[in-house]
Amino acid sequence: MNVLSIVTPSKVVAILKSMHVAYLNKLFRFAFMQYPVLYVSATFIIISSAFEVLAMNAFIPLSESAGGKSLNTNNLLIQIIHFCGLNVYSTKIIFLAFILIFGLRIILNILGEKILLEVTAYKMPSHLMSLGLENVLTNTPISVIESRSSGYYISLSGEEVNRATSLIATVVRFASTMLMIGLYYVTLVFFSPATAIGILFFLIVSGLSSYGVFRKIHQWGYLNVESGRIKNSIFVDALNGVRAIRAFGGEKFVATKFREYLYPHKRRVYLIDFFNFFGKMFPLFLLIMTFGGYILISTKLNNTSFDYAFAVTLLLILLRFFMSLGDSANVFIKIVSEAKAIQDISSITDSPDIADNVTQADIDVEIHNIQVSGITFSHNKTDDVLRDFSATFSAGKTYAVVGESGAGKSTLLDLILKFHVPDCGSVLVDGVDTRNITEKSLREHITMLGQETIIFNDTIRNNITYGLDVTQAEIESASAIACVDEVIESLPNGYDTVLHYRGTNLSGGQRQRIGLARAILRKPDVLILDESTSALDQKTKEKVLQNIFRAFATKIVIIVSHDPEIRSRVNHVVELFPLAKRELIYQESASEEKLPS
């Protein structure tokens, strides 16, 4: 680290560019428009800073009085006392004025900080976190979500949101601190011009020479944003895959990998905190040593008595000046090093531009037909998963989508649900291209259940309803169709039984049936089951399918399964083949159509 690196205009421009000023402006406009009370907070905090300097001015006439000097009537505090009709020569009144004004400073600062923290530590982060999750779930393309790590989103919705909201509070405090520094310096100019000149020279030299430290701290802050995401991803993935890790004996490997990112990350945190603290305290150390040496040398050379009152007053003002200066330096470094978080947060909190989707409409009638017409799709724009593929799914019929792994079964379902859009061709719902149908409406009418049911640490009732406002009778009916009602009723608390994280207090088959009840309760026009009965024993599976076929006799039921028995249970079989093996073929069973039994 080059501590003596000198700052130049080009380096200043580079720093300003790295701060993403446009994003800072965007964040502040959002904050102050969404929470106008921030103006009140900023006003209180800034006024409180001015009150502190005004109160500290009381020590100047007190020192003059103690030193037997004539009172300087140009002192602002003296003028205020005189304006109030009080005796400006009374040290008691001057000291009481100090207590009163400093007391007001504390009260205003408390009120301002209370409002500021209520917004930046409570309301604003809560709003951004919830908005971020909602936008990711609702608007972010599946392909984008899957291309990023879980740590990326955890960092953005947690650490980075807190970083951005704290930036608002930091800048407000920085403004008040800078005002206080300026007012203290003006006080020094009038009280001791020679000291003011010396301090100005010291600040210029130290500011120019400390650019290297500042740049290094900025780099560390940026690196910690990235390393924080990686370590979060490793930690979350390790928890989610703990069974596999133990099964393969990979505990040490994963723990070592986590430490490789954790220790450098925490070391940078330590170094940033230390240099921030050092930058705040070292000027105070220099001040004390320089000030003490100056007093001793000057009094000895001039053979004069030591003016304790003047020295103590000057020292008090300088202490507050340098403490404020240290705070402002730390705050400025924090503002610059953390400004990048604003861009990151906007990537999840900003809703996408939907101007080109204004023609999209909702589905307002029951779906009777889905036609997949000549679709071609590739995940990487080079290797097609589906090519010129067509199929038709009609109400009142059941379908099995079968094929080898990699044949495109899951991709076909994703296209029907509009998780992806075909590169060529179209998916038509009752003759309307899904590109012209809102995603929300499409998924209200089409429900897909995967092989792994997501179970939340909540009651069975809430895991089944999943936000739906339904009656207990409807919940029990869906549970009965899924053949999980008896299991639930055998539990001590029934539907109020709290399930563990990921449903670890249930068997695999029970979790799948909870998921089936959740899907059935929605009464969709199209029910898609993607290996959703794989954990059920044959007898239970047959009963569940029979119940579903009966309950959805007038709907569209699509089942993806490797179970050969499924072929004989449905009206139509859609068989997919990997393109590497042959062109995809749509095969409808040649046997006569038969209603599900």
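Only a predicted model underlies this, so the values are computations on that prediction, with no experimental measurement involved.
Separating the CD1 atom in I47 from the CG atom in L54 is a distance of 12.5 Å, to the nearest 0.5 Å. The CE atom of M56 sits 10.5 Å away from atom CZ of R105, with the distance rounded to the nearest 0.5 Å. We find the CH2-CG distance between W220 and D273 to be 11.0 Å, quoted to the nearest 0.5 Å. The OG atom of S48 sits 8.0 Å away from the CD atom of E113 when rounded to the nearest 0.5 Å. Between Y35 atom OH and I115 atom CD1 the span is 14.5 Å, to the nearest 0.5 Å. Here the CG-NZ distance, from L128 to K123, works out to 14.0 Å after rounding to the nearest 0.5 Å.
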Side chain to side chain contact (heavy atoms under 4.5 Å, CB included) between F322 and I199, worked out: CA-CA 10 Å; F322 275 97; I199 288 175; 4.2 Å; yes

Using the side chain to side chain contact (heavy atoms under 4.5 Å, CB included) rule, take I45 and N109 through it: C-alpha gap first, then chi angles, then the decisive distance, then the call. CA-CA 5 Å; I45 293 175; N109 195 54; 4.2 Å; yes

Test side chain to side chain contact (heavy atoms under 4.5 Å, CB included) on R461 and V470 and set out the steps. CA-CA 10 Å; R461 176 182 288 101; V470 293; over 6 Å; no

T177/M323 under side chain to side chain contact (heavy atoms under 4.5 Å, CB included): CA gap, chis, key distance, verdict: CA-CA 10 Å; T177 303; M323 288 180 68; over 6 Å; no

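By the 4.5 Å heavy-atom criterion applied to side chains, V88 and I93 are not counted as neighbours. Side-chain contact check for N57 versus L76: every heavy-atom pair is 4.5 Å or farther apart. Within the 4.5 Å cutoff, the side chain of I60 has heavy atoms near those of the I317 side chain. Side-chain atoms of K418 and R443, non-hydrogen and from C-beta on, do get closer than 4.5 Å to each other. The side-chain heavy atoms of T195 and V189, taken from C-beta on, include no pair separated by under 4.5 Å. Considering only heavy atoms from C-beta on, Q360 stays 4.5 Å or farther from I437 through its side chain. Counting heavy atoms from C-beta on, the side chains of F44 and V40 come closer than 4.5 Å. Looking only at side-chain heavy atoms (C-beta outward), N462 and T465 come within less than 4.5 Å of each other.
Using a distance-only test at 3.5 Å, with no hydrogens or angles considered, a donor-acceptor pair links the side chain of Y185 to the main chain of A196. S126 places a side-chain N or O within 3.5 Å of a backbone atom of Y122 that can act as its donor or acceptor partner. With E64 contributing its side chain and N72 its backbone, the two residues share a donor-acceptor pair below 3.5 Å. Without hydrogens or angle criteria, S192 side chain to L188 main chain gives no donor-acceptor distance under 3.5 Å. Side chain of S441 to backbone of T438: no donor-acceptor contact under 3.5 angstrom is found. A donor-acceptor pair is defined here as one N or O able to donate and one able to accept, closer than 3.5 Å; such a pair exists between the side chain of T187 and the backbone of L183. Put simply, the side chain of N463 gets close to the backbone of F456: a donor and an acceptor are under 3.5 Å apart. Not one N or O on the side chain of S90 forms a donor-acceptor pair closer than 3.5 Å with the backbone of N87. Judged by distance alone, the side chain of S176 and the main-chain N or O of I46 form no donor-acceptor pair under 3.5 Å.
Each side chain to side chain donor-acceptor pair (under 3.5 Å) pair with one or both residues in residues 317-328, not counting sequence neighbours, appears once here: E52-R320, K280-D327.
The side-chain contact (heavy atoms from CB on, under 4.5 Å) test applied to V498 returns N457, T459, not counting sequence neighbours.
Residues L71 and P61 approach most closely at CD1-CB, 3.4 Å, considering heavy atoms. Closest heavy-atom contact between I94 and A58: CG2-O, 3.6 Å. Here the closest heavy-atom approach between residue L27 and residue A164 is recorded as CD2-O, 3.6 Å.
Using cut-offs of 30° and 60° for the angle between ring planes, the F30 and H127 rings count as parallel.
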Which donor-acceptor pairs under 3.5 Å do the side chains of residues 79-86 make with protein atoms, sequence neighbours left out?
none

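The only option from F95, F191, F102, F98 that meets the ring pair (Phe, Tyr, Trp, His ring centres under 6.0 Å) definition with F59 turns out to be F98.
Side-chain contact annotation: R268 with S227, donor-acceptor N/O pair under 3.5 Å present.
Atom CZ of F419 is surrounded by more than 12 heavy atoms from other residues, nucleotides or ligands within 6.0 Å.
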